[in-house]
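Report on one structure; see the data block that follows.
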Amino acid sequence: MNVVTRMWPVALALALQPALAFAQQPNTLAPPPRVAPISPASQPSLPRGVDTSRDNSLQTLNRQLDASSRRVSADTLRSQVDQQDRLMDADRARTDARRAAATTPAESERLRQDFEARRATHEAWRAGKEAQVHRLETIDLPPPPPPVNEVKPAIEPRR
């Protein structure tokens, strides 16, 4: 007997095995069984790294989180501006080289005008990003509330 004819049934079984496994999967349209929610025994602790020796009121933590988030956003915008400035410098160098290699003054002028249009677009984009950074850095936040322990009730005079 030929090796191919002896291996044919094995190859057929291997080819049909994934199809049979798929056909035996349970119905997945049924909703999952309901499980009772687990309620925590106590309030969750503060995240690691939070200094509890100082005032750790929720408002203070939220203000710090908001301020750090705005700093990160401003840094990201500055990084994007720096990267685009470097790309514009490289574009200027490429354009200058192409203008120097241009065969006609008209082609050189066209390359210069194309670059100037790209530069104007970049400057407008850059101004928009700098305005975003300025807004992030100058957002007026209301002053923090007074600490709870230092608020004293009004003293009424005796009669």
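Computed from a prediction, not measured in an experiment: that's the story for all the values here.
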Closest heavy-atom pair and its distance - Leu77, Val133: CB-CG2, 3.5 Å

Could you give the distance from CG (Asp82) to CG (Asp75), rounded to the nearest 0.5 Å? 10.5 Å

Looking at every heavy atom in both Ser73 and Leu136, which two are closest together, and how far apart are they? CB-CD1, 3.6 Å

Residue list, side chain to side chain contact (heavy atoms under 4.5 Å, CB included) with Thr121, at least two apart or on another chain: none

Nearest 0.5 Å, what's the CZ-CG distance between Arg112 and Asp96? 11.5 Å

Arg71: salt bridge (Lys or Arg N to Asp or Glu O under 4.0 Å) partners, not counting sequence neighbours: none

Just by modelled atom types, is the Leu65 backbone N or O under 3.5 Å from a matching donor or acceptor in the Ser69 side chain? no

Checking side-chain contact (heavy atoms from CB on, under 4.5 Å) for the pair Arg119/Arg92: CA distance, chi angles, key distance, verdict? CA-CA 9 Å; Arg119 189 180 62 78; Arg92 174 181 287 281; 3.9 Å; yes

Find out whether Lys129 and Gln132 are in side-chain contact, i.e. whether some heavy atom of one side chain is under 4.5 Å from a heavy atom of the other. yes

CZ/Arg99 to CZ/Arg110 distance, rounded to the nearest 0.5 angstrom? 11.5 Å

Kindly give the heavy-atom pair with the smallest separation between Ala102 and Ser108, and that separation in Å. CB-N, 3.9 Å

Results of side chain to side chain donor-acceptor pair (under 3.5 Å) for Gln84 - residues two or more places apart only: none

So how far is it from Arg118 CZ to Asp91 CG, rounded to the nearest 0.5 Å? 4.0 Å

In the hydrophobic cluster built from side-chain contacts under 4.5 Å, what are the other members alongside Met88? Phe115

Partner residues of Arg126 under the side chain to side chain contact (heavy atoms under 4.5 Å, CB included) criterion, sequence neighbours left out: Val81, Asp85, His122, Glu123, Glu130

All side chain to side chain contact (heavy atoms under 4.5 Å, CB included) counterparts of Ser79, not counting sequence neighbours: none

